[in-house]
Amino acid sequence: MNPQKITMGQDGQLQVPDYPVIPFIEGDGIGPDVWSASKMVLDAAVAEAYGGKRKIEWKEILAGEKAFNQTGEWLPAETLNMAREYLVSIKGPLTTPVGGGIRSLNVAMRQELDLYVCLRPVKWYTGVPSPVVHPENVNMTIFRENTEDIYAGIEFAAGSDEAKKLYKFLNEELGGAKKVRFPETSAYGIKPVSKEGSERLVRAAIKYALEQNKPSVTIVHKGNIMKYTEGGFKQWGYEVAEREFGDKVYTWGQWDKAKKTEGEDAANAKLKKAEAEGKLIINDVIADNFLQQLLLAPQDYSVVATLNLNGDYISDAAAAAVGGIGIAPGANINYLTGHAVFEATHGTAPKFANTNTMNPSSLLLSGVMMLEYMGWHEAAARIEASLAATILSKRVTVDFYNLMTGATLLKTNEFAEELIKNLK
Ligand code: NAD
């Protein structure tokens, strides 16, 4: 078998050879420990599931401290070129350079490859210590917009020339200056939210929900206050749902129209009928209320589509509810080009670098997401089942060990060996 590239087909479907080349960034701090454990389990699961017919050819690419020490650059152009060329890659956590040009390597990669979806599945594994009473009720997939919003990086420091110019422009051209309470000492951030950006995010969430037979997509926004940006996101989301997915979906926008023309009872009857017919329900919730609902009624939510900043908060809050902050996986994806970077969601935990003690599950589960993205579902399912069995057996790394009673403490590599044993 010759290793080959993953490519995007004419039909918009990913073409995955049996022996694909996949670039990896090992990561800084605890990265090497959790990556080597994850790689062992990924390779064993693929071998187990396909009996040697499929295999991954890993190719190291450099970013972060390791890249800086070897090349003098935090994110060498070669790394971006490889990620672009091979479409699918995976990365450990990276140190955020202090000072200098790059604000965050992760943000730079997302922007360069236009990875517009940050995908965060959140579910509970039996036995994982959780702060809520019923963590089993949380089973959500969060689609966070990844390229726009106040996170676009258009910010001006208080007292800078740019801030002064912006205030002057507001004052003289736009009439918004009175709303700036302390103009002399204000810093500014700009929040771009576009129709295209909103539509492509909500479209991806709806496609995913239909493919996975999920009951609903909830648009989470603060459109009650930020009417044009977050309100626009909601409106464009509903519009794309109705325009492109027709009778596969039923939206609260349609419910609202029916209520106005036919009355509330008739609108409710239509909603019930749509649910009974198995249509995907598209609804929306204001972000602050959603954070309450996450604790009060998480079972009501399945797929969530939201803007960048909301998505950041919601992903971590949801992960905490299932005790998964240290094991939550993530991916950054452009479904149109096929580019995808799968990643650990935690940081480099520098205090624990080279201690072989940390939990590799976040990076490993992002590897599971990667296998699913490639269509290698059998290998993905084996790892998930093995992880569930291993947690249940209470043979775990220190983070879980500290919160469980009667657990056995394992090193990172021992935990990986345990997972491999449980693959069979
Ligand atoms: P961190 O996630 O690195 O560590 C916080 C704490 O979480 C650790 O002290 C440890 O107790 C725990 N923890 C983290 N990963 C764990 C694991 N796999 N198993 C068990 N426990 C784990 O956050 P931080 O200390 O705020 O950030 C350290 C560095 O990482 C910074 O340079 C930051 O910019 C960077 N960072 C990178 C990413 C990324 O690359 N995706 C994300 C967050 C932070």
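When a ligand or atom number is given, it counts from 1 through the structure's own listing order. Please read all numbers here as calculations on a predicted model, not as lab measurements. Note that the numbering runs from 1 along the sequence shown for the chain.
- Considering each of Ser361, Ser362, Gly347, Pro93, the one bringing a non-hydrogen atom nearest atom 2 (O) of ligand 1 is Gly347.
- Protein heavy atom at the shortest distance from atom 9 (O) of ligand 1 is Phe352 CE1, 3.6 Å.
- Annotation for ligand 1: atoms under 4.0 Å from non-hydrogen atoms of Ala344 are 41 (N).
- In this structure, atom 6 (C) of ligand 1 is not in close contact with the protein, since no protein heavy atom lies within 4.0 Å of it.
- Heavy-atom proximity to atom 31 (C) of ligand 1, evaluated over Thr348, Thr357, Asn359, is greatest for Thr348.
- Residue contacts with ligand 1, taken as heavy atom pairs separated by less than 4.0 Å, do not involve Val398 at all.
- Checking Leu105, Thr397, Leu94, Ile30 against atom 40 (O) of ligand 1, the nearest heavy atom belongs to Leu94.
- Protein heavy atoms come within 4.0 Å of atom 20 (C) of ligand 1.
- Between Ile30 and Pro93, the shortest heavy-atom distance links the atoms CG1-CG, 4.5 Å.
- In terms of the side chain to side chain contact (heavy atoms under 4.5 Å, CB included) criterion, residue partners of Ser194 (sequence neighbours excluded) are, by chain and number, Glu148, Glu196.
- Side-chain atoms of Asp33 and Thr412 form no donor-acceptor pair, as typed in the model, at a separation below 3.5 Å.
- Remark: the Thr95 side chain and the Asp28 side chain contain an N/O donor-acceptor pair separated by less than 3.5 Å.
- To the nearest 0.5 angstrom, Lys207 atom NZ is 14.0 Å from Gln212 atom CD.
- At least one protein heavy atom sits closer than 4.0 Å to atom 42 (C) of ligand 1.
- Protein heavy atoms are absent from the space less than 4.0 angstrom from atom 24 (P) of ligand 1.
- For the residue pair Lys222 and Glu230, the shortest heavy atom distance occurs at N-OE1, 2.7 Å.
- Every residue meeting the side chain to side chain contact (heavy atoms under 4.5 Å, CB included) condition with Glu372, not counting sequence neighbours, appears here in chain and number order: Val368, His377, Ala380, Glu384.
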